[in-house]
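Heads up: the structure comes next, in structure tokens.
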Amino acid sequence: MRAAARTLIDPGFSHNSITDIAFSWGFSSSAHFSRCFKASYGMTPRAYRNAELLLKGKNA
């Protein structure tokens, strides 16, 4: 899950959808990925990605 989280916030993968990232890490369902991600990180993959983008914008 850590690798998927890093991929979500990697600028090189910003053009990839969350579904594409989920599939690339072996999940067969974006819904299942979202549930697992939320269980691990306390937020959805989209919220995680958006929060990181906001933090990077403030630190720039």
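Scope of the values below: all heavy atoms of this structure, side chains included, with no hydrogens, waters or symmetry mates. It should be emphasised that the depicted structure is a prediction, and the values quoted were computed from it without experimental measurement.
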Shared hydrophobic cluster for Ile18 and Phe23 (ILVMFWY, side-chain gaps under 4.5 Å): no
Shared hydrophobic cluster for Phe13 and Phe37 (ILVMFWY, side-chain gaps under 4.5 Å): no
Sequence neighbours left out, what pairs pass side chain to side chain donor-acceptor pair (under 3.5 Å) with at least one residue falling in residues 3-16? Thr7-Trp25
Anything under 3.5 Å between a donor and an acceptor, one on a side chain of residues 26-36, the other on a protein residue two or more places apart or in another chain? List them.
residue : atom : partner : partner atom : Å
Ser29   : OG   : Ala31   : N            : 3.2
Ser29   : OG   : His32   : N            : 3.2
Ser34   : OG   : Ser30   : O            : 3.1

Would you say Glu52 and Leu8 make side-chain contact, with heavy atoms under 4.5 Å?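 Answer no - side chains too far apart.
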Does any non-hydrogen side-chain atom of Arg2 lie less than 4.5 Å from one of Tyr41? yes
In Å and rounded to the nearest 0.5 Å, what is the CG to OG1 distance from Asn50 to Thr44?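 Separation between the atoms: 8.0 Å.
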